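One structure is given here, and the rest of the page talks about it.
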Amino acid sequence: MKSIYSTPKVVKYDDLSKPWFVYFRYNQKLFRYKFGINYINSYKKRLIEANSLRDVLHEKLRTGWNPNIPDVVSTFSNMTFSEALDFSIEKKTLTLGSKTLCGYKSTVKFIKNALAPTNTKNLLISETKRVHVKLILERTQQQRKWSNKSYNKNLGYLKAILSELIQWDIIENNPALGIRALKVSEVTGFKPASDDQVKVIKEKILNDFPSFYAYIITIFHTGIRPEELLSVQIKMIDLKKSQITLPPGITKTDKERIVPINQHLKSFFEDMNLHIYNKDFFIFGSRREHSNRGLKKNLDFVPGAKQLSRDTASKLWRKLIKTESNIDVDMYSLKHLGANKKILAGIELDALRELYGHTSKMMTLRYAKVVKEVNRQQIIEKSPDF
């Protein structure tokens, strides 16, 4: 007997801007489903999700489902708020970096612990209102003893988590939108090193681990994030054009970014003789044979086939600078230090924004607090007379 339906298939494209879908025919009628797969910007991860959707639809067809009476999402009607959070995390696992995903999972864990005390353990996601979310957040803040800053961070995570449910037609509106962030007094994050501290840092690293020096000054000069920098391969560096091309796969925004190489950094790269190495080598990689025997200053943070972890760089910085040099400055503050010095040297904010890949000038201002002092000095020195 001829089947009433055809086997579901995935339509996919190398160009991720084109919409993918799963299709099949039922009683000669064509059906197509997307269910949010086109919001995934990674080819590999989108393919996994598309194949999963294909298999789910196929199983439903085999068990008698009639797509003319859609019920693919009918199970969502009885989904609780707690279950919806888990569903969203499962979907976001395909698109988020490990660090961001860890933050989202922590938020969900904290939120769940507040459901019973707020009598929302059995709250349906379809019935969840802003007031429910606000009450849950306030109880979580009490339980976790969150500062206002921590509250705002987790509120942002929760908004993103719940937004995923809109893509799957589980909810029409995000119940966390409209909840105001709490007031936070301005603090200076990633406090840059002073000039005296910079001298100590330079001397310490050049004496104890010279190959690490090129890594940290690249952060200073380019603002490339430490984890991104460890993914940079020699083939991404063009010294003739004085630029580094960061492909979408390693940038935070998942978009290609061109980073200029200034003359100071270019001289360091030239001294590394990058042209003699395999183009696929990581510029700050490892040539150690055994990965579990500690860092070696002649074999780590050098052009190599093995990629170092972000934690490796952090631990080395902590050992050399924070512990042995007693300087309480984070490695990532080198980016902020570089921003400050560039502004003091007269570089415009728009140029700095492009260098760092920021989408708005306000994001750049966060990194370059010294611009306030520059503006103040301009008022003092350039204001005209009456």
Side-chain angles (χ1 to χ4, degrees), residues 1-98 100-101 104-105 108 122-128 157-177 247-251 253-256:
M1 181 178 177
K2 188 176 180 181
S3 176
I4 198 172
Y5 61 85
S6 63
T7 301
K9 295 181 179 179
V10 175
V11 173
K12 59 184 184 294
Y13 302 95
D14 291 335
D15 182 358
L16 293 183
S17 65
K18 295 182 178 180
W20 293 21
F21 57 89
V22 177
Y23 78 96
F24 60 87
R25 293 185 180 275
Y26 188 93
N27 273 344
Q28 305 303 315
K29 182 180 178 181
L30 180 66
F31 290 86
R32 300 198 306 179
Y33 294 89
K34 300 175 183 177
F35 284 108
I37 58 176
N38 293 306
Y39 290 94
I40 301 173
N41 295 322
S42 163
Y43 181 94
K44 183 177 179 181
K45 292 176 180 178
R46 187 186 291 189
L47 183 60
I48 292 172
E49 190 66 21
N51 287 340
S52 176
L53 175 60
R54 175 200 63 196
D55 295 342
V56 167
L57 292 172
H58 194 194
E59 179 61 25
K60 290 184 71 63
L61 287 167
R62 288 195 298 170
T63 55
W65 171 54
N66 181 350
N68 290 300
I69 310 174
D71 70 342
V72 171
V73 296
S74 64
T75 55
F76 296 158
S77 61
N78 295 319
M79 180 180 284
T80 65
F81 177 74
S82 177
E83 291 170 339
L85 295 179
D86 290 336
F87 177 90
S88 180
I89 290 295
E90 178 186 344
K91 298 307 175 187
K92 282 190 170 294
T93 299
L94 300 170
T95 59
L96 294 178
S98 58
T100 304
L101 183 62
Y104 281 22
K105 285 182 176 179
V108 168
N122 297 317
L123 175 68
L124 297 180
I125 184 61
S126 60
E127 298 177 358
T128 301
Y157 284 168
L158 183 58
K159 287 179 179 178
I161 292 166
L162 292 174
S163 290
E164 182 71 18
L165 303 176
I166 297 175
Q167 311 300 336
W168 290 85
D169 292 329
I170 297 175
I171 55 176
E172 292 185 5
N173 301 294
N174 188 332
L177 291 181
I250 69 174
T251 63
T253 58
D254 208 23
K255 297 179 181 179
E256 181 180 271

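Here the structure is a predicted model, which means the values were calculated and not measured. Computed from heavy atoms alone, side chains included, the values below leave out hydrogens, waters and symmetry copies.
A donor-acceptor contact shorter than 3.5 Å is absent between the side chain of E127 and the backbone of L124. A donor-acceptor distance shorter than 3.5 angstrom exists from the side chain of N174 to the backbone of K159, with no hydrogens or angles considered. Not one N or O on the side chain of N27 forms a donor-acceptor pair closer than 3.5 Å with the backbone of K29. The closest donor-acceptor contact from the side chain of S88 to the backbone of A84 lies at 3.5 Å or more, if one exists at all.
Each of L30, I4, T7 was scored for a side-chain contact (heavy atoms from CB on, under 4.5 Å) with R25, with one residue passing: L30.
Inter-residue side-chain proximity for L162 and F81 is flagged as met; some heavy-atom pair is nearer than 4.5 Å. Using a 4.5 Å heavy-atom threshold, the side chains of E256 and P247 count as separate. Side-chain contact check for W168 versus F87: some heavy-atom pair is nearer than 4.5 Å. Looking only at side-chain heavy atoms (C-beta outward), W65 and L57 come within less than 4.5 Å of each other. Here the side chains of Y157 and V108 are not in contact, with every heavy-atom distance at 4.5 Å or above. At a threshold of 4.5 Å between non-hydrogen side-chain atoms, the residues L61 and P67 count as touching. Under the 4.5 Å side-chain criterion, counting only non-hydrogen atoms from C-beta, K9 is in contact with Y23.
Closest non-hydrogen pair, Y43 versus Y13, comes out as CE1-O, 3.6 Å. For the residue pair P175 and T128, the shortest heavy atom distance occurs at CB-O, 3.8 Å. Taking each heavy atom of A50 and V22 in turn, the nearest pair found is O-CG2, 3.7 Å.
Environment of NZ in K12: sparse, with no more than 12 heavy atoms of neighbouring residues, nucleotides or ligands closer than 6.0 Å.
Applying the salt bridge (Lys or Arg N to Asp or Glu O under 4.0 Å) test to pairs two or more places apart or on separate chains, those with a residue in residues 46-55 are E49-K91.
Between F24 and Y33, the ring planes are parallel. Angles under 30° get that label, and only those over 60° would be called perpendicular.
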